[in-house]
Amino acid sequence: THSDIQDVSSGMGFVNIETDGDGVLRRLPIVAELNGMVVPHFFLKLLFEHINYKISNIELASPYKLLLHKFPQGDDVKTLEIPLDGNGNMLINYMSFDKIQYQQKKGEFYYISAWPLIQNRKALNFKEKTVLFGDHSLSARDSSPTPLDELFNPLIFCIAMSNILNETFIKPVSSMVTIYQIIFLVAVLLIYVTRIKTFEFGLLSILTILLYICINFVLFIYNSLQIPMLNVLIPILSASGYLLIYSVYQSQVKMGVLEG
């Protein structure tokens, strides 16, 4: 029964998974609020139990920041900051999947099928190990589409735990940063349109947009910064198109004045 499970469990957590609009799992709801209390996701609770960390030390500082006070770091403790997306979700950095594959080759991380485990005459030693159970059968569909491929949910939880232990977070930027970027790029386009010719404006606008995209990719790869490019590119492309039409119109007016 549920009460029997609760009696022998060390705590409770929720296991919600919600994909993005395109059906891809990019984030996990790391914390939720229940009766005025902060409740951790299952994988976070499991991590806390593994390192003997008290849940009372966590603080939801803002919709964009979860603080883990007195988080163990070797022989010392520190305040670990987990970046959130503004809705209590932690973005999953799937680059940690490479680390898990490397650990699997070294024998530090491995899968064990249920049937060999049941048939094993000698009990396996799971001391000081974190064990996640999952149903890998096709009927259970205990998996989610990710930017890499279809991955089993327990493995996704392992990746999220690795993100926290190794501090390999993806850092989403606030909406204000997006607005500032739009204002800056529009200002740059306005400077272009008032100082250079139509053809040069069109060419320089394209180069500016391509440079912006490249800078965003570099920031994501080397600094794990996630900037919502579409939110910036759509208004910038609209502005550059309007300014290009305006520049063509102005050039035609000047030509008409000169001819007249």
Side-chain angles (χ1 to χ4, degrees), residues 17-30 60-66 81-97 144-150 163 167-260:
I17 289 180
E18 186 175 350
T19 58
D20 287 353
D22 58 356
V24 176
L25 182 65
R26 296 185 178 90
R27 64 199 76 216
L28 285 173
I30 189 169
L60 186 60
S62 75
Y64 296 94
K65 186 189 302 182
L66 179 70
E81 180 180 323
I82 300 178
L84 306 178
D85 66 351
N87 296 306
N89 300 310
M90 184 187 84
L91 293 169
I92 307 169
N93 187 353
Y94 285 100
M95 295 297 288
S96 291
F97 184 53
S144 299
T146 73
L148 299 178
D149 200 354
E150 187 88 10
N163 289 169
E167 299 184 46
T168 52
F169 301 114
I170 294 178
K171 310 175 189 71
V173 299
S174 66
S175 56
M176 289 304 299
V177 174
T178 303
I179 293 173
Y180 291 148
Q181 288 182 344
I182 294 172
I183 293 173
F184 173 76
L185 290 172
V186 169
V188 170
L189 293 176
L190 287 172
I191 294 172
Y192 289 166
V193 79
T194 56
R195 298 192 178 185
I196 57 180
K197 297 178 181 179
T198 303
F199 176 76
E200 295 170 344
F201 170 77
L203 183 61
L204 203 54
S205 297
I206 293 173
L207 291 175
T208 301
I209 292 171
L210 290 176
L211 179 62
Y212 171 77
I213 294 172
C214 291
I215 290 173
N216 275 278
F217 276 117
V218 170
L219 288 174
F220 179 77
I221 293 171
Y222 292 101
N223 297 93
S224 299
L225 283 176
Q226 188 203 46
I227 300 172
M229 285 195 295
L230 281 179
N231 294 347
V232 177
L233 289 177
I234 291 175
I236 293 305
L237 288 171
S238 301
S240 61
Y242 173 81
L243 291 174
L244 183 60
I245 295 172
Y246 171 80
S247 180
V248 171
Y249 172 76
Q250 288 296 107
S251 63
Q252 293 297 319
V253 170
K254 290 180 179 179
M255 288 176 62
V257 170
L258 291 175
E259 290 175 359

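Throughout, numbering of the chain's residues begins at 1 and tracks the sequence.
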Atom [atom1] in [X], atom [atom2] in [Y]: separation rounded to 0.5 Å?
| X | Y | atom1 | atom2 | answer |
| --- | --- | --- | --- | --- |
| Lys171 | Lys65 | NZ | NZ | 13.0 Å |
| Ile82 | Leu91 | CD1 | CG | 12.0 Å |
| Leu148 | Ile92 | CG | CD1 | 10.0 Å |
| Asn216 | Ile213 | CG | CD1 | 8.0 Å |

Do the side chains of [Y] and [X] get nearer than 4.5 Å, heavy atoms only?
| X | Y | answer |
| --- | --- | --- |
| Tyr212 | Leu185 | yes |
| Tyr94 | Ile170 | no |
| Leu190 | Val186 | yes |

- According to the salt bridge (Lys or Arg N to Asp or Glu O under 4.0 Å) rule, which pairs have a member within residues 217-238, sequence neighbours left out?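 Found none.
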I'd like a table of donor-acceptor pairs (distance under 3.5 Å, sequence neighbours excluded) in which one partner is a side-chain atom from residues 224-246, with atom names and distances.
{"from": "Ser224", "atom 1": "OG", "to": "Phe169", "atom 2": "O", "distance (Å)": "3.4"}
{"from": "Ser238", "atom 1": "OG", "to": "Ile234", "atom 2": "O", "distance (Å)": "2.9"}
{"from": "Ser240", "atom 1": "OG", "to": "Ile236", "atom 2": "O", "distance (Å)": "3.1"}
{"from": "Ser240", "atom 1": "OG", "to": "Leu237", "atom 2": "O", "distance (Å)": "2.9"}

- Query: For Leu60, what residues pass the side-chain contact (heavy atoms from CB on, under 4.5 Å) criterion, not counting sequence neighbours?
  - Reply: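 Scan of Leu60 (side-chain contact (heavy atoms from CB on, under 4.5 Å), adjacent residues dropped) gives Val31, Leu66, Leu84.
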- Message: What I want to check is whether the side chains of Tyr192 and Thr208 have a donor and an acceptor closer together than 3.5 Å.
- Response: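 Their side chains do contain a donor-acceptor pair, which is all the 3.5 Å distance test asks for.
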- Taking Asn87 for its side chain and Asn89 for its backbone only, find out whether a donor-acceptor pair lies under 3.5 Å.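 It does not hold such a pair.
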- Task: In sequence, state the C-alpha distance, the side-chain angles, and the governing distance for Val24 and Thr19, and then conclude on side-chain contact (heavy atoms from CB on, under 4.5 Å).
- Result: CA-CA 5 Å; Val24 176; Thr19 58; 5.9 Å; no
- Task: I would like to know whether Arg27 and Asp20 meet side-chain contact (heavy atoms from CB on, under 4.5 Å); could you show each step before the answer?
- Result: CA-CA 8 Å; Arg27 64 199 76 216; Asp20 287 353; 3.2 Å; yes
- Task: Give a yes or no on whether Glu18 atom CD has more than 12 heavy-atom contacts from other residues, nucleotides or ligands under 6.0 Å away.
- Result: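 No, because the 6.0 Å sphere around CD of Glu18 holds 12 heavy atoms or fewer from other groups.
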